Amino acid sequence: MLRTVTVLSMAALLVVGCGAVDRSPRGYNVVMIVVDDLNTDVGCFGKPVITPNIDELASRGTRFDRAYCQFPLCNPSRTSFLSGRRPETTGVLDNMTSPRLNLRGVEFLPEYFRRYGYFAGRVGKIEHTEFEKSGVIQWDIARDAVEQEYDTTNPGHNAPSWAVSPNDDADEPDGQSAGQFVKMLEQQAGRPFFLALGFLKPHRPFVAPRKYFDLYPLDSMVLPGSEGNSELTDQQKREIIRAYRACISFIDAQVGVVLQALRKLNLMDNTVVVLTSDHGLHVGEHDRFGKKQSLLEGVAKVPLVVVVPGAPGNQSTIALVELVDLYPTLAEVCGLPAPDGVEGTSFAPLLDSPTGPWKVAAFTTNKESEGVSRAVRDRRYRYIEHDDATQELYDYDTDPLETTNLAHDRKSKRVKKELQRLLRHSR
C-alpha cells in the first residue's frame, strides 16, 4: 500500500496563492511529537517504565527498535531531522549555530508541508530553544513552551538536579503545551495540517508532580552495572533514576491528552502520528547520570513510533533507521513528491514489510574537544572513531552493556575493517 508511488497531476502542482499548492492526494494530517532527552526507557521498548499512552500508540502502528539520532545534542539533532540532512552537511555541531548557516533556501520539514497546502503549527520545543523566536523556521503559528524555575535537589558533580513539583499536570509547562496543542487541533477544519508538539521533559532538571514519583519506590530502583567512578552516592543515583522515570511517565500522560483529543475529534483515521526524541540520555550506564554527547548506544539510540492510516499496527522492526529519514518518510506516506536534497531514506516500505531488507548501517556524529568523532552502528556492532584517534568497537550480541572494547582485538580485525569502510563511505 505505502510503496505505491502517487503521481500528482500537473494541475496539482500549479502554484496557488503565496507559494502553496493543492493538498496531499492522500489527505493525511501529520502530528509529530518530539520529546527532549528521552532514551528508550519506555514500556513498549521493554523497559520497566510506566508509559501506557506511548504503548497504546505503538500498538496502533510500528515501533522501531533500532532508530538512531545523527548527533547527541539538541540543536544539531533537530536541525538534522528537520532539514533531512546530516550534521556534516548542515554545519550545525553545537547549540548556538543557526540552523540556516549552510541551508539558506532549504525548506525545513514544516515549510515543505506548507508548500503543499498544509497548515503548519508548533507548540513547544521543536527547533532548538535558542532559535524558536528568530523565525529561522517558518510556521503558520508557533507557541513556545514556558520555562519554569524549581527549587531542586542538586547533587553536584555535574549530575542532574530533581524536584517534586507542587503543580497539577495542566499547570506544568509541558501540561500547558499539551493543552495548547489540543486547542490547535480543535481549530483545524477543512485543511490538512502538519502540527508538531515538543515536550521539555525529561530534560534536566528532572521535575514532575508527586503522583509520578509515587509510581517508583526509591528502593526498587536498580543500579546498572558501572565502572564505579562516580562521586554520587548510591541513594543519589537511585533518586536520579527515579526522577527521570517520573518525568517520562508525566510526559506519557500528556501524550494521552493528545491521543484523547485525536479520538474525540475523529482524527485518528486520517492522521499520521510520529513520536520520537532528539537523542537519548545516559541514566546510569557507564556510571554516567544525565549525560549526553556520547556515541554509545544509550544516547545514540532513540525511541521511534510511527502510526500511518491503513498501515498494519502492533508491529515492530529491528531494521536500522535514522532520524534524518523522517523528512522523506513523512513526505512519502502523505503522497507528496520526494523532497530535493535530503540525505535520509524514506522508511515507508518498512511500515508494510517490517522484516524486509533495509540499510546496513546508521551513523552518529559528535563534536569533541579537538574535532569531530563518528560512530557507525550495524545490526550487531558499533564502531567509534574519536577525534583523538582512539577507537571503540562493541559487539551487542555478546556485550549489550558495552563493557569490552574490541577495537584492538585481533579476532575482530575483519569486522573493524568493514565498519571503517562504511564510516568512510558515509562522508
Side-chain angles (χ1 to χ4, degrees), residues 37-49 51 54-55 58 62-70 72 202 220-230 234 237-238 240-241 244-245 248 276-277 279-305 316-323 354-355 358-364 366 373-386 390-416 418-420 422-423:
D37 283 19
L38 176 63
N39 59 26
T40 56
D41 282 359
V42 179
C44 60
F45 285 86
K47 301 298 179 64
V49 183
T51 54
I54 298 176
D55 300 350
T62 303
R63 187 188 75 234
F64 291 82
D65 290 341
R66 293 181 180 174
Y68 293 91
C69 72
Q70 276 48 79
S220 70
M221 298 296 99
V222 177
L223 298 179
S226 64
E227 292 81 0
N229 294 325
S230 175
D234 283 354
K237 294 176 181 179
R238 290 190 176 92
I240 291 170
I241 295 170
Y244 185 69
R245 292 182 178 180
I248 295 172
T276 192
S277 176
H279 49 72
L281 194 72
H282 286 304
V283 189
E285 319 89 68
H286 303 283
D287 214 38
R288 302 177 184 183
F289 287 83
K291 294 185 179 180
K292 45 195 173 187
Q293 286 202 262
S294 156
L295 290 173
L296 297 171
E297 191 82 348
V299 171
K301 189 176 181 180
V302 295
L304 176 61
V305 174
S316 64
T317 177
I318 59 171
L320 292 159
V321 300
E322 303 172 278
L323 290 186
T355 60
W358 204 242
K359 63 171 66 175
V360 298
F363 303 92
T364 304
N366 190 27
S373 299
R374 296 178 174 87
V376 54
R377 173 68 153 96
D378 70 7
R379 288 203 169 196
R380 179 169 177 175
Y381 298 94
R382 173 181 301 279
Y383 172 68
I384 303 171
E385 286 187 353
H386 291 281
T390 58
Q391 302 169 341
E392 296 179 70
L393 175 65
Y394 299 103
D395 179 351
Y396 292 98
D397 280 1
T398 62
D399 182 27
L401 298 180
E402 303 163 322
T403 60
T404 304
N405 181 2
L406 301 174
H408 302 292
D409 180 68
R410 293 183 62 184
K411 295 179 181 179
S412 303
K413 185 175 180 180
R414 181 178 299 177
V415 170
K416 175 180 168 181
E418 173 60 17
L419 292 174
Q420 286 177 325
L422 289 172
L423 199 59

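In this chain, numbering begins with 1 at the start of the sequence shown. Given the structure is predicted, the values throughout are model-derived calculations rather than measurements.
Under the salt bridge (Lys or Arg N to Asp or Glu O under 4.0 Å) criterion, K292 pairs with D37, sequence neighbours left out. Among residues two or more places apart in sequence or in another chain, the ring pair (Phe, Tyr, Trp, His ring centres under 6.0 Å) test is passed with F289 by none. Applying the side-chain contact (heavy atoms from CB on, under 4.5 Å) rule to T398 yields the partners R380, D395; only residues at least two apart in sequence or on another chain are considered. Listed by chain and number, the residues in a side-chain contact (heavy atoms from CB on, under 4.5 Å) with L223 are D234, K237, R238, I241 (sequence neighbours excluded). Taking T364 as the reference, nothing meets the side-chain hydrogen bond (donor to acceptor under 3.5 Å, both in side chains) condition, with sequence neighbours excluded. The side-chain hydrogen bond (donor to acceptor under 3.5 Å, both in side chains) check on R382 picks up E297, Y396, with sequence neighbours excluded. With sequence neighbours left out, the side-chain contact (heavy atoms from CB on, under 4.5 Å) criterion links S277 to L38, P303. Every side-chain hydrogen bond (donor to acceptor under 3.5 Å, both in side chains) that K359 has, sequence neighbours left out, goes to E322, D325. Take A319 and apply the side-chain contact (heavy atoms from CB on, under 4.5 Å) test, not counting sequence neighbours, and it matches T317, L350, W358, R379. For Q391, the side-chain hydrogen bond (donor to acceptor under 3.5 Å, both in side chains) partners are Y383, K416, not counting sequence neighbours. In terms of the salt bridge (Lys or Arg N to Asp or Glu O under 4.0 Å) criterion, D378 has no residue partners (sequence neighbours excluded).
Remark: the backbone N or O of F363 is paired with a side-chain donor or acceptor of Q70 at under 3.5 angstrom. Without hydrogens or angle criteria, E402 side chain to P400 main chain gives no donor-acceptor distance under 3.5 Å. R63 places a side-chain N or O within 3.5 Å of a backbone atom of C44 that can act as its donor or acceptor partner. N39 places a side-chain N or O within donor-acceptor distance of the main-chain N or O of L281, the cut-off being under 3.5 Å.
To the nearest 0.5 Å, atoms CG (D397) and OH (Y381) are separated by 7.0 Å. Rounding to the nearest 0.5 Å gives a distance of 5.0 Å between CG of L423 and CD of E385. Atom OG in S316 sits 9.0 Å away from atom CZ in F45 (nearest 0.5 Å). The distance from atom CG of L323 to atom OH of Y68, rounded to the nearest 0.5 Å, is 11.5 Å. Interatomic distance, L304 CG to C69 SG, rounded to the nearest 0.5 Å: 12.0 Å. Summarising the geometry, atom CG belonging to L295 is positioned 10.5 Å from atom CZ belonging to R374; distances are rounded to the nearest 0.5 Å.
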Candidate pair M221 and R245, rule side-chain contact (heavy atoms from CB on, under 4.5 Å), full reasoning:
CA-CA 10 Å; M221 298 296 99; R245 292 182 178 180; 3.9 Å; yes

Derivation and outcome, side-chain contact (heavy atoms from CB on, under 4.5 Å), residues D55 and V42:
CA-CA 8 Å; D55 300 350; V42 179; 4.1 Å; yes

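Across V376 and L422, no two heavy atoms sit closer than the pair CG2-CB, 4.2 Å. Of all heavy-atom pairs spanning L393 and S412, the tightest one is CD2-CB, 3.7 Å. Closest non-hydrogen pair, G280 versus V302, comes out as N-CG1, 3.9 Å. Across every non-hydrogen atom of V299 and S294, the tightest pair is CG1-O, 3.6 Å. When all heavy atoms are compared, the tightest approach of I248 to P202 is CG1-CG, 4.1 Å. Of all the heavy atoms in D41 and Y244, the pair that sits closest is OD2-CE2, 3.9 Å.
Side-chain polar atoms of H279 and Q293 form no donor-acceptor pair below 3.5 angstrom.
At a threshold of 4.5 Å between non-hydrogen side-chain atoms, the residues E285 and L296 do not count as touching.
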